Amino acid sequence: MRRINQHPILQGLTEDESVTIYVDGIPMKAIAGEPIASALFAAGIRTFRFTPRRKEPRGFYCGIGQCTDCMMQVDGVANVRTCVTPVTDGMQIRTQNPAGGEQPCAPPM
Amino acid sequence: MRTTDVTVIGAGPAGLAAATECARAGADVLLIDASRQVGGQLVRQTHKFFGSSAHMAGSRGIDIARRLGKEAKESGVQIWIDSAVHNLTPTGEIHVVQDRLACAEKPDAVKTRQVSARRIILATGAREKSIAFPGWTLPGVMGAGAAQTMINLHRVLPGRRVLMVGSGNVGLIVTYQLLQAGAEVAAVVEAACDIGGYQVHAAKVRRAGVPILTSQAIHSARGRREVVGATAVELDGQGNARPNTRRSFSVDTVCIAVGLRPEIRLARMAGCRLIFCPPLGGWTPIHTEHMCVAPRVYAAGDICGVEEASTAMEEGRLAGMAASASLGLVTDERLRRRTGQIQSRLQQLRGATFSRRRRRSKQRLIRQGTEEWATADWRIYCSRRPKEPAIPVQAGKNSAQLPAPAEEDKSLRDDTIICRCEEVTAGEIRTAISRGARTVSAVKRRTRAGMGLCQGRTCEMLVARLLSQATRQPADVFAVDHRRPPVVPVTFGALAGDSHDSS
C-alpha cells in the first residue's frame with residue numbers, strides 16, 4: 001500500500017512532521033497525529049493480530065473504533081484500537097498474539 | 001458536574017445544525033463527539049452534494065463540515081471532541097470518557113466527566129451493516145466507510161485492487177473515490193437485480209471502466225494471512241446461488257457496502273420507542289414532527305432513519321428549535337413559523353431524492369410518534385429497564401425485507417465466523433438454536449456471540465438473521481440493540497475515577 005500524494009480533489013500531502021514508531025521492533029516513519037492503522041498500511045502491513053481461539057489473522061475492519069478487530073499491543077498495553085489511536089514518537093507497537101508467542105507482522109506486499 | 005441547557009451528542013451535520021440552532025436561541029449548549037474533529041462523516045466526503053443552495057448543494061462534504069463547524073463555534077456552542085458518551089442515566093445525566101485514545105504513556109489523560117442536561121439531542125448517526133461470508137475476517141476485508149476514511153482522511157490506500165460489495169450510494173461513491181486515489185476496482189457486485197444508488201454515481205463508475213454486476217453476491221474471500229482473491233456467485237430470483245456460476249477475482253481488498261443502520265444505542269438507553277423500518281436502515285426511534293423521541297430527549301439525522309446530510313441538517317434544526325422552545329427560549333409563534341419552513345424544505349428534499357418507500361416509512365414513523373406522544377404513554381425514560389419494545393409492525397410483514405440482502409445465507413457454511421470478537425461460527429449458533437435458544441441474548445449466553453469487546457455491534461444483526469431463518473420468523477422480532485452501559489470501551493481505571501473530573 002502507499003500514501004496518496006496525488007489526488008484530483010484533495011491537496012497534495014504536505015511535509016507533515018514525521019515521527020518514528022517501532023513495529024515488532026522495526027523502526028518506521030509515520031506522520032504525527034495519524035492513527036497507528038494508517039501508518040501500518042502505508043508501510044504495507046495489514047495483519048495486526050492473531051485471534052486467541054483459532055489463531056487467525058485480523059486487521060482493519062470498521063475504521064471507526066467500533067469493531068475492535070484492529071487491536072494491537074501498544075507501549076505494553078494490549079487491546080489498543082489502532083484505527084483511533086494516534087501514533088506518537090517512539091511508540092512501541094506489537095502484533096497482538098495472546099497465545100504468547102511474538103509472531104512478526106506479515107512482510108510488506 | 002457540568003450543567004447545560006442542551007447537550008447534543010454527535011457532531012455530524014444533524015448535531016452541528018441542532019447545536020447552532022439552540023445556541024442562536026440563547027441556550028447554553030454543549031456538543032460532544034467521539035472523533036477528533038467535528039463534521040461526522042462529512043469530513044471524508046470529497047464529492048459534491050446534490051440538492052438546493054439552501055443545503056449547500058455543489059459543495060463538497062469536507063467544505064460543508066468546515067462551514068457547519070465554524071457556524072457552531074461562532075454561535076457560542078461549546079464543543080468537546082475526543083469525548084465518547086458511555087452512559088445516559090435515567091435522570092438525564094450524561095457520562096463521558098475523554099481522550100479514550102490515551103495509552104499507557106499518559107494514563108492521566110483519560111478523564112471521565114459527567115454532564116447534566118435539561119434537554120438532550122441525540123445525533124449519533126448510523127453505522128455500517130455487515131454480511132458474513134467465508135473469509136470475511138481476513139485482513140483486507142473492510143467496510144467501505146473504513147476504506148473511505150483511509151483514503152480521504154488518512155490519505156493511505158487500503159489496497160491496490162478492490163472488489164466492492166454493494167451498489168448503494170456508499171458503494172458507488174467509495175468505488176469512485178478509490179479510483180481517484182489510485183486504486184483499481186475489479187468490479188462492484190450487487191445482490192439485488194438493480195443498482196441501489198443514484199444513476200449519476202453508477203454512470204461515473206461505469207465510465208471509469210468498472211463493471212457493476214447485479215444479481216451477484218460475494219461468495220468468499222480467500223487468503224492465508226491476507227486477502228489474495230475473492231469469489232462472487234450469481235443469484236437466482238429467490239436469492240439462491242446458481243450452480244456453476246462462481247467467478248473469481250484477483251483482488252487484495254474486499255470492501256463491504258451493504259447499507260447503513262441507525263446508531264440507536266443511546267436512544268435505547270434514553271428509553272426511546274423503536275420501530276423496525278427496513279427502508280430507513282432498521283430499528284429507528286419513533287419521533288414527533290419536532291423530532292422529540294422521549295421526554296426531554298430529541299433526535300435528528302441518520303439515527304432517525306438513514307437519509308442524507310441535507311435532511312440531517314434540517315432535522316437538526318427542527319430538533320434544536322423544538323428543544324429551545326421547550327426551554328422557553330423561542331416563542332410558540334416563532335417555533336411554528338420556523339418549523340413550517342423547515343418542514344417544507346424537508347418535504348422538497350424527500351420528494352426529490354427519495355424512493356416512495358423511504359418517504360412513506362418516515363411519515364409512518366412521525367405519525368406513530370405523534371400519536372404515542374398524544375396518548376402520553378411515554379414514561380419510559382424514568383425506568384432503568386425499559387420494556388422490550390412492543391414491536392409495532394405486524395409480525396411477518398417484513399420477513400421479505402431482512403436487514404441485509406439475503407445473500408448466500410441459506411448456504412452459509414457452518415464454519416463461517418459470525419461473531420468476530422469471540423470467534424463463534426454459524427454452526428455453533430445453529431446448534432445453540434437447535435437446543436432451544438430463541439433470542440439474541442439466549443444465543444449469546446450459550447455461545448458468547450456478542451460478548452466480546454465490540455459488544456455485538458458487528459454480529460447482533462447476523463445472529464438475528466440466523467435465528468430468523470431457523471425459526472422462520474421475521475428478523476425484526478430478534479434484533480434489538482441492548483442498552484447497558486458502557487456503550488463504548490472504557491477502562492476500569494477511568495470508571496473507578498482514577499482521573500475523575502469532579503469540577
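Order of the sequence lines sets the chain letters (A, B, ...), proteins ahead of strands, with each chain counted from 1. Both backbone and side-chain heavy atoms feed into the values below; hydrogens, waters and symmetry mates do not. Model, not experiment: these values are computed from the prediction.
One side chain, Arg46(A) or Thr253(B), offers a donor N or O that lies under 3.5 Å from an acceptor on the other. A donor-acceptor contact closer than 3.5 angstrom links the side chains of Tyr61(A) and Ser130(B).
Comparing Ala144(B), Ala181(B), Ala183(B) by heavy-atom pairs within less than 4.5 Å of chain A, the highest count is held by Ala181(B). Among Ile62(B), Thr458(B), Val141(B), Thr149(B), the residue with the largest count of heavy-atom pairs under 4.5 Å with chain A is Val141(B). Note on Glu34(A), His7(A), Arg54(A), Glu56(A): by heavy-atom pairs under 4.5 Å with chain B, the leading option is Arg54(A). Between chain A and the options Arg420(B), His154(B), Arg224(B), Gln180(B), the largest number of non-hydrogen pairs under 4.5 Å is found for Arg420(B). For the set Arg60(B), Glu128(B), Glu422(B), the entry with the most heavy-atom pairs within less than 4.5 Å of chain A is Arg60(B).
Interatomic distance, SG of Cys421(B) versus CG of Asp69(A), reported as 6.5 Å (0.5 Å rounding). Atoms CG and CD, from Leu10(A) and Gln177(B) in turn, are 8.5 Å apart once rounded to the nearest 0.5 Å.
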Arg2(A)/Val156(B) under side chain to side chain contact (heavy atoms under 4.5 Å, CB included): CA gap, chis, key distance, verdict: CA-CA 6 Å; Arg2(A) 58 180 170 79; Val156(B) 175; over 6 Å; no

Trace of the side chain to side chain contact (heavy atoms under 4.5 Å, CB included) decision for Ser38(A) with Met150(B): CA-CA 7 Å; Ser38(A) 73; Met150(B) 200 55 112; 3.6 Å; yes

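Two residues are said to be in side-chain contact when any heavy atoms from C-beta on lie closer than 4.5 Å; Arg58(A) and Glu423(B) meet this criterion. Residues Cys62(A) and Arg457(B) fail the side-chain proximity criterion, which asks for heavy atoms closer than 4.5 Å.
If you measure heavy-atom distances from Cys67(A) to chain B, the contacts under 4.5 Å come from both the backbone and the side chain. Heavy atoms closer than 4.5 Å to chain B are found in the side chain of Asn79(A), but not in its backbone.
Side chain of Thr47(A) to main chain of Arg225(B): a donor-acceptor pair is present (N/O by atom type, distance under 3.5 Å, no hydrogens or angles).
What you find for Ile151(B) and Ile4(A) is that their closest heavy atoms are CG2-CD1, 3.6 Å. Pro57(A) and Leu138(B) make their closest contact through CG-CD2, 4.3 Å (heavy atoms, listed as atom of the first residue, atom of the second, distance). Looking at every heavy atom in both residues, Phe41(A) comes nearest to Met142(B) through CE2-CE, 3.9 Å.
A salt bridge links Glu428(B) with Arg53(A): the closest approach of a Lys/Arg side-chain nitrogen to an acidic carboxylate oxygen falls below 4.0 angstrom.
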